[in-house]
Amino acid sequence: MNISTPPPRTWLARNASTLLLLAPLLIFMLGVFAMPMVFQFAFAFFDRVFYKNVIWIPKPAFYLGNFAEAFTNPTYLYSIAWTVGIAAVTTSINILLALPVAYFLARTKVWGRSLIEVSFLLPIFGEIFTIYALAYALTPQGPLNWLLLKLHLISTPIALVGSSWAVIIWMSLPTLSVLLIRSAFSGVDVLYEEAAQTMGASALQTFFKVTVPLAKNGIAGAFLLSFSGGVGAYTIPLILVGPYNDWLTNKIQREVDPYFNFPMASALGVILTVICGILFYFYLRTQEPGGER
Amino acid sequence: MANIRTENLVKRFGDFAAVDHVNVDIREGSFTAILGPSGCGKTTLLRCIAGLIEPDAGQILIGGKDVTRVPPFKRNLGFVFQRPAMFPHMTVYENVAWALELRKWPKPKVKDRVMEMLRLVRLDGLEHRAYRQLSGGQAQRVVIARALAPQPDVLFLDEPLSQLDAKLRDELKLEIAEIHRKTGCTTLMVTHDQAEALTIADNVLLMHQGKIVQEGSPVELYRYPNTLFSADFIGTNNFLQGTITGINRNTTVRLDGTATTLSAEQVLPGVPIGAPVWVCARADDIDIIDADQQAKSTNVVEATVEQALLTGGTVIVQARVGKTELRIHAGGSKRFQLLGQEGKSIFCSLGNISLIARGAGEGLHP
């Protein structure tokens, strides 16, 4: 009997169904995410001209002046440093606060646990609502000042709203990070913790030498998400501090609105994206296989 | 090294008493196996003694010190779990060394001790391997080395071999026995595998429904079970009803409904002549004998073959003595003669029988 080999199928034929399934999302992402990114990137290198002595308009060019400006002008430099610095500090506080709560949620069976967990999502779903609630809580007549006055920790109410402290407090509050770290902790086998205890490790030693290292992928993910949310926050500083704040996002907006400087806004946007990109690279490094067999 | 004692230890899960007033007294340096069927509470008992579970009542003493409310990390123990609990984020060396660092061993001593322990479990040369580069048996050996490195008072083994494949299990079983012989560390092992318990341990605690039903050396447990449960749980046993007819150094028993008299090398304390007993005859101990050998053999009964099955090394014979079924595991070259003998009569020497007191009118089979 003659066994005939079927003709080799083309790459397209072999992957047709995969492509078909991916197509809707792929087209959508290309249209609303990749394309604007490319435009923004191109725009960042545009020059601009004073059109008919009336208005500045972007002029296609390969011009590095926007980036040079961003890294030499103290206003921009300060804004970049401030945004990244605050995001780094608040994310660290955020994660440190989230760790014990997440561990508690992962290891104990408390009544209404799912309710507690959902409540951590509330600030994300109803962001504007919760921001205003926080803004109220921090007013001179608000509950926080009332409590501090009652405890005699302060003698006059402190003005938190309108200052950057309100944003720092908001960003330091753990929300989604609690849930991300909780599921990372749930994935750590209790076996390892018991083993550590029988080896002579106290609860704290077990937590920092066994549980946290084994959950590091999830914790790194929570850090990345918090940090990129921090550097990219726009509404929160706008509402809690006001339009003239130091956050880079708001700076970008002001480049566009009163100054009509699209190339500069794009360049700042690219810088912000690159900062997140660098962090994402380090995040991917932590996700490299290790640990499980 | 230390001895272990528990006094009226109780652990309940809801209404269910997993450990029900358990008193154990484990000698220093011994290798004790807690043996029992699934759900008998053996793992709970072990975890209570190790401190991983807090008991509801009773006391635990390790080396004479009351440790009932002492957290496990202060008990100076080693624990080997069912699944290899080697930390996947540390190398073999780091795993063992951490156990020593936690107990504040000086740096130079740590290295020597780690290498010594790795040699003991035959993992020297693999100290820089990660978890994913080891087999299950090797990972389990790392845990054993890690548990023994800081010279614990007690080593706990919670079914350490059950997750390994058969060949590896046999290897590691002998290795554990060897390690115990070398270190002399008091060892407490939980197992549901009787062969494992009888092979490695020098002392066996048989557990059933949260209670210790029998304690003794493997030979004692095998030869003189004190309850129907022990007799039934270990090995394959036959239970025949008898009545004591005479007691001196041995006990003579007449099988009920027959004229056959048997002799057991055992005297049941407090059981008088005329008392009903269970006669336990192990399927492995029964020899098939020729009719003319009867006078030379002990405890001979006549049985009718109902079925004979060749399983390879042994022939399993299902026979009948009067109304009672008798299961025989026949070995040796004679076993082939039994095949196809259904309905025929054979003579069996029951060998070393053991006796268990029986309540008057107690049922046919446990």
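Here is the naming used below: chain letters follow the sequence lines, and residue numbers restart at 1 for every chain.
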- B:F87 and B:Y131, any side-chain heavy atoms less than 4.5 Å apart: no

- Task: Step by step, work out the side chain to side chain donor-acceptor pair (under 3.5 Å) result for B:T43 and B:E159.
- Result: CA-CA 9 Å; B:T43 295; B:E159 307 217 23; 4.5 Å; no

- Please check if the distance between the ring centroids of A:F280 and A:F282 is under 6.0 Å. no

- Query: Hey, which of B:Q82, B:R47, B:R75 has the most heavy atom pairs under 4.5 Å with chain A?
  - Reply: B:R47

- Item | Option among B:D66, B:T68, B:N23 that satisfies the side-chain hydrogen bond (donor to acceptor under 3.5 Å, both in side chains) test with B:Q59 | B:D66

- Query: How about residues 98-123 of chain B versus chain A: which residues have heavy atoms under 4.5 Å apart?
  - Reply: B:W98, B:A99, B:L102, B:R103

- Message: Which residue is it: B:K42, B:E196, B:K173? I am looking for the one with a side-chain hydrogen bond (donor to acceptor under 3.5 Å, both in side chains) to B:T191.
- Response: B:E196

- Name the region of B:D158, side chain, backbone, both or neither, that has any atom closer than 4.5 Å to a heavy atom of chain A. neither

- Message: What I want to check is whether the side chains of A:S177 and A:N94 have a donor and an acceptor closer together than 3.5 Å.
- Response: yes

- Task: Name the region of B:A130, side chain, backbone, both or neither, that has any atom closer than 4.5 Å to a heavy atom of chain A.
- Result: neither

- B:M90 versus chain A, heavy atoms under 4.5 Å apart: side chain, backbone, both or neither? side chain

- Query: Can you list the steps and then say if B:N95 with B:R146 is a side chain to side chain donor-acceptor pair (under 3.5 Å)?
  - Reply: CA-CA 7 Å; B:N95 263 277; B:R146 190 176 75 181; 2.8 Å; yes

- Give, as side chain, backbone, both or neither, the part of B:R83 having an atom under 4.5 angstrom from any heavy atom of chain A. both

- For this output row, return yes or no: ring centroids of A:F185 and A:F207 closer than 6.0 angstrom. yes

